[in-house]
There are 2 protein chains.
Amino acid sequence: MVTIGDVAKAAGVSRSTASYALSGKRSISDAVRLRVNEAVKTLQYTPNAGARSLATSQTKVIGLLAQFLDDEFAPAMLQYILGVSNTARELGYDILLVTDADGTSALRRISDSRMIDGIVLLNVAENDPRLEHLRAAQQPGALVGLPKDCDGLDVFDLDFEEAGRTMVDHLHRLGHREIILISQPQHVIDRGGAYVWRLQNAALAAAEARNLTLHTVFAPSSQPEVGDALNGLLDAHPNATGLLINNEAAAAALPSVLHQRGLSTPKDLSVIGRYSDEFARTFSLPFSSIESAPDRLGSMAVRQLVRRIEGEIGPAEPNVVRFVTPDLIDRGSTAPPR
Amino acid sequence: MVTIGDVAKAAGVSRSTASYALSGKRSISDAVRLRVNEAVKTLQYTPNAGARSLATSQTKVIGLLAQFLDDEFAPAMLQYILGVSNTARELGYDILLVTDADGTSALRRISDSRMIDGIVLLNVAENDPRLEHLRAAQQPGALVGLPKDCDGLDVFDLDFEEAGRTMVDHLHRLGHREIILISQPQHVIDRGGAYVWRLQNAALAAAEARNLTLHTVFAPSSQPEVGDALNGLLDAHPNATGLLINNEAAAAALPSVLHQRGLSTPKDLSVIGRYSDEFARTFSLPFSSIESAPDRLGSMAVRQLVRRIEGEIGPAEPNVVRFVTPDLIDRGSTAPPR
DNA sequence: ACTCAAAATCGAACCGGTTCGACACCGGTT
DNA sequence: AACCGGTGTCGAACCGGTTCGATTTTGAGT
């Protein structure tokens, strides 16, 4: 293993001089800087991360806590992870990926041992038990998902209220009078998935204001149960002309259900989903959708986190709570009702 | 930050004694051990990872290199990642997830800076440029995917030859005489995805030995092109009674294609895929399939890697190249031909 | 009571960086 | 000639663990 001492020796200077030559934190003669850089190159020197972190208490690593819950759609989570990971690298940070079922103790472990400079929490629930420890950790943290109490933590989430309104307004403007909203299953909500309520309540309010009928339903998030649920739903509301889907599994299952029933969009039914474009491509979903922007949310969270880590924003400065305005991507699955 | 010095002071012993009390590497009186443990608990002491890694040159972190290529099915990759991550935690290791497009320089970075104790490479291609650096890194490494030259590296992969034979044999035993094999697109092969050839060649050999006709085809890996390709394929071989699918996207697209054509399995067509059970559930695929066991492969790779890291297997001991025998999961999509 | 090995503990050194304070050297003022 | 500030460099200390060698304490055997 080649150390900075070896570099210093090769350049004929002291260790501290070599260090300053590399960091630029004190003025160094051109001659020395040149010789040091030369030595670094020929010896293939790379600083030891452990030693550096010990000396500077900075690791250039960000902890990423992702929970893979049975009742959530794993492929959707991947987009968040990639958004975080790619942006982190861009900013010079690596990612410590933690998928422990017990996120709380995992958080303590990586935080207390000072393996990381900051933490991104995905999939944050309304009363997320991890938040308490994140606040205590005295390390910057950023959340994707809106908890009840955002105090002291930077929060990023889709504007689900706006999403609900946009969906309803879009169909209303086309002339629909009776529509259905399919949400996540009950236990996602029980676990604190408040975004389900946020979208649904906003949709209900918009529907009332526009004077149209909105049926709301919680559907399973697993195959093949969700297919049956969709069928039952369409049977129950034969006059509905629009379908709003806030449930990835339901969206994925819908094409074959429609096909079985001999229905097509937008002729027989107008459909709007809420998922990412990437998701739509993966599952070849032909429905217009509210973009859930997982990569963008992950990216924003990391950017803010790094600003805190690097002191561009002081720890005293108030936390931000930022909502991404949802775009509606038109894939031609909506039209005026027959 | 509470250090081992604080613990030692609280327990009334020296730092070294506290360290030995915690590691158990020298005998310690019960009284002291008790007082030290007490102090650890009350002070909430957690060792500083940087300091420990500096002293022991062990980080308890495993690097995981995953490449997300446009033409590969991202959700499938997630299963490998989770297999690696969960097993690593079980063994006391954390995961540094690297998704850089340039895997080679990322490998150098994390390896040279000694952030990690070992490396798992996913998605290894036949002539993977990352291997050269992994060998030079002088750190244990494990691969998922079979390269041409396995020298010095532990390799884990599905037995694709056996998979090809099993698929063909299964349909042959049921009495099929003409079948189709759908592979990945040409550019997956060009990039070094040798597993495509391995399965296909074994299937062809088995078909010849059994004296049955096997048509082979490279299909796109993106929607909706793959659907058109499937249609064209079924048009081109109207007498084929069996379909083997070594292409996730094609498998995902097949149900709606069959539906459009008014075909059903196993009545009109016997179908066997090659993907994970998790994948089948996500897409509610009703086809019998060769289990590609991503979680198991990831888990095996990590287990072997940790054995190397912890010296249970000396660095001199020869590398293993282990093939997982593929299971056929029967979902009732095969039957004797009409 | 005396010896001797084993058990228990301590101090110091080390891992590989960074950073502080000191110092030497330089050209330019007064 | 004495003084000055700025520049470039060095030695030493420090970050927080682990580990080696030495020393003290203990207890068993005679």
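Letters go in sequence order (proteins before strands), and every chain restarts at 1. Predicted, not measured: the structure shown is a model, and the values here were computed from it.
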Asker: Rounded to the Å, how far apart are A:Gln58 CD and C:dG17 C1'?
Answerer: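 Computing the A:Gln58:CD to C:dG17:C1' distance gives 14 Å.
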
Asker: Closest to the A:Thr3 side chain: D:dG11, C:dC10, C:dG16?
Answerer: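 Of the candidates, C:dG16 comes closest.
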
Asker: What heavy-atom pair brings A:Met1 and A:Asp6 nearest, and what distance separates the two atoms?
Answerer: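 Scanning both residues, the minimum pair turns out to be O-OD2, 3.9 Å.
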
Asker: Looking only at heavy atoms, what is the nearest atom pair of A:Leu91 and A:Arg303, with distance?
Answerer: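 For A:Leu91 and A:Arg303, the tightest heavy-atom pair comes out as CD1-CA, 4.1 Å.
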
Asker: Does this structure show an ion pair linking A:Asp157 with A:Arg322, if we count only N-O contacts that are shorter than 4.0 Å?
Answerer: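 No, A:Asp157 and A:Arg322 are not salt-bridged.
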
Asker: Begin from the C-alpha positions of A:Gln79 and A:Asp295 and carry the test side-chain hydrogen bond (donor to acceptor under 3.5 Å, both in side chains) through to its verdict.
Answerer: CA-CA 6 Å; A:Gln79 298 305 316; A:Asp295 44 358; over 6 Å; no

Asker: Answer yes or no: is there an ion pair linking A:Arg191 with A:Asp128, defined by an N-O contact shorter than 4.0 Å?
Answerer: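 Salt bridge between A:Arg191 and A:Asp128, a charged N being under 4.0 Å from a carboxylate O: no.
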
Asker: Nearest to the side chain of B:Ser19, which nucleotide is it out of C:dG17, D:dC10, D:dT19?
Answerer: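 For the B:Ser19 side chain, the nearest candidate turns out to be D:dT19.
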
Asker: The side chain of A:Arg52 is closest to which nucleotide in this list: C:dT18, D:dG16, C:dC10?
Answerer: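 So the nucleotide nearest the side chain must be C:dT18.
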
Asker: Under a 3.5 Å cut-off for both distances, is D:dA22 Watson-Crick or wobble paired, and to whom?
Answerer: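 Pairing partner: C:dT9.
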
Asker: Any residue in residues 28-44 of chain A with a heavy atom nearer than 4.0 angstrom to DNA chain D? Just list them by number, or reply none.
Answerer: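 Correct list: A:Ile28, A:Ser29, A:Val32.
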
Asker: Report the C-alpha distance between A:Leu146 and A:Phe156 in whole Å, list the side-chain angles of each, state the deciding distance to 0.1 Å, and finish with yes or no for side chain to side chain contact (heavy atoms under 4.5 Å, CB included).
Answerer: CA-CA 7 Å; A:Leu146 177 70; A:Phe156 300 85; over 6 Å; no

Asker: Is there a donor-acceptor contact under 3.5 Å linking the side chains of A:Asn48 and A:Thr3?
Answerer: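 No, no side-chain donor-acceptor contact under 3.5 Å.
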
Asker: Taking only the side-chain heavy atoms of A:Pro47 (C-beta and beyond), determine which of C:dG11, C:dG16, C:dG17 contains the nearest atom.
Answerer: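 Selected nucleotide (nearest to the side chain): C:dG17.
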
Asker: To the nearest Å, how far apart are B:Arg114 CZ and D:dG17 C1'?
Answerer: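 Interatomic distance, CZ of B:Arg114 to C1' of D:dG17: 19 Å.
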
Asker: What's the CZ-C1' distance between B:Arg26 and D:dC20, to the nearest Å?
Answerer: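 So the two atoms are 7 Å apart, to the nearest Å.
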
Asker: Roughly, in whole Å, what's the span from CZ in A:Arg15 to P in D:dA12?
Answerer: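 A:Arg15 atom CZ is separated from D:dA12 atom P by 11 Å.
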
Asker: Which is more 5' along DNA chain C, the nucleotide nearest B:Thr56 or the one nearest B:Val13? Just name the residue.
Answerer: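 Upstream on the strand: B:Val13.
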
Asker: For B:Tyr20 and D:dG17, give me the distance from atom OH to atom C1', rounded to whole Å.
Answerer: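 Distance check: B:Tyr20 OH to D:dG17 C1' gives 12 Å.
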
Asker: Please state whether the phosphate of D:dT19, meaning OP1 or OP2, lies under 4.0 angstrom from any side-chain nitrogen or oxygen of B:Lys25.
Answerer: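 Yes, B:Lys25 has a side-chain N/O under 4.0 Å of OP1/OP2 on D:dT19.
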
Asker: Respond yes when some side-chain nitrogen or oxygen of A:Ser27 is under 4.0 Å from OP1 or OP2 of D:dT7, and no when none is.
Answerer: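 Answer no for this pair, as no side-chain N or O of A:Ser27 is under 4.0 Å from OP1 or OP2.
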
Asker: Within this structure, what is the NZ-to-P distance between B:Lys60 and D:dG17, rounded to whole angstrom?
Answerer: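 From B:Lys60 NZ to D:dG17 P: 17 Å.
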
Asker: Nearest to the side chain of A:Ala51, which nucleotide is it out of C:dG16, D:dT18, C:dA8?
Answerer: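 When the side chain of A:Ala51 is considered, C:dG16 is the closest of C:dG16, D:dT18, C:dA8.
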
Asker: In whole Å, I'd like the distance from the CE atom of A:Met115 to the P atom of D:dG16.
Answerer: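 To the nearest whole Å, that distance equals 17 Å.
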
Asker: Base, sugar-phosphate, or nothing: which does A:Ser16 touch, judged by heavy atoms less than 4.0 Å apart?
Answerer: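 Contact class for A:Ser16: base.
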
Asker: Measure across B:Ile81 and B:Ala66 and return the closest heavy-atom pair with its distance rounded to 0.1 Å.
Answerer: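 Taking B:Ile81 first and B:Ala66 second, the nearest heavy atoms are CD1-CB, 4.2 Å.
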
Asker: What is the distance, rounded to the nearest whole Å, between atom CG of A:Asn48 and atom P of D:dG16?
Answerer: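 After rounding, the gap between these two atoms is 16 Å.
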
Asker: May I ask you to evaluate whether A:Tyr45 reaches the phosphate of C:dG17, defined as a side-chain N or O under 4.0 Å from OP1 or OP2?
Answerer: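 True: A:Tyr45 side-chain N/O within range (under 4.0 Å) of C:dG17 OP1/OP2.
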
Asker: Can you work out whether B:Leu54 or B:Ser23 has the more 5'-proximal nearest nucleotide on DNA chain D?
Answerer: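 With B:Leu54 and B:Ser23 compared, the 5'-side residue is B:Leu54.
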
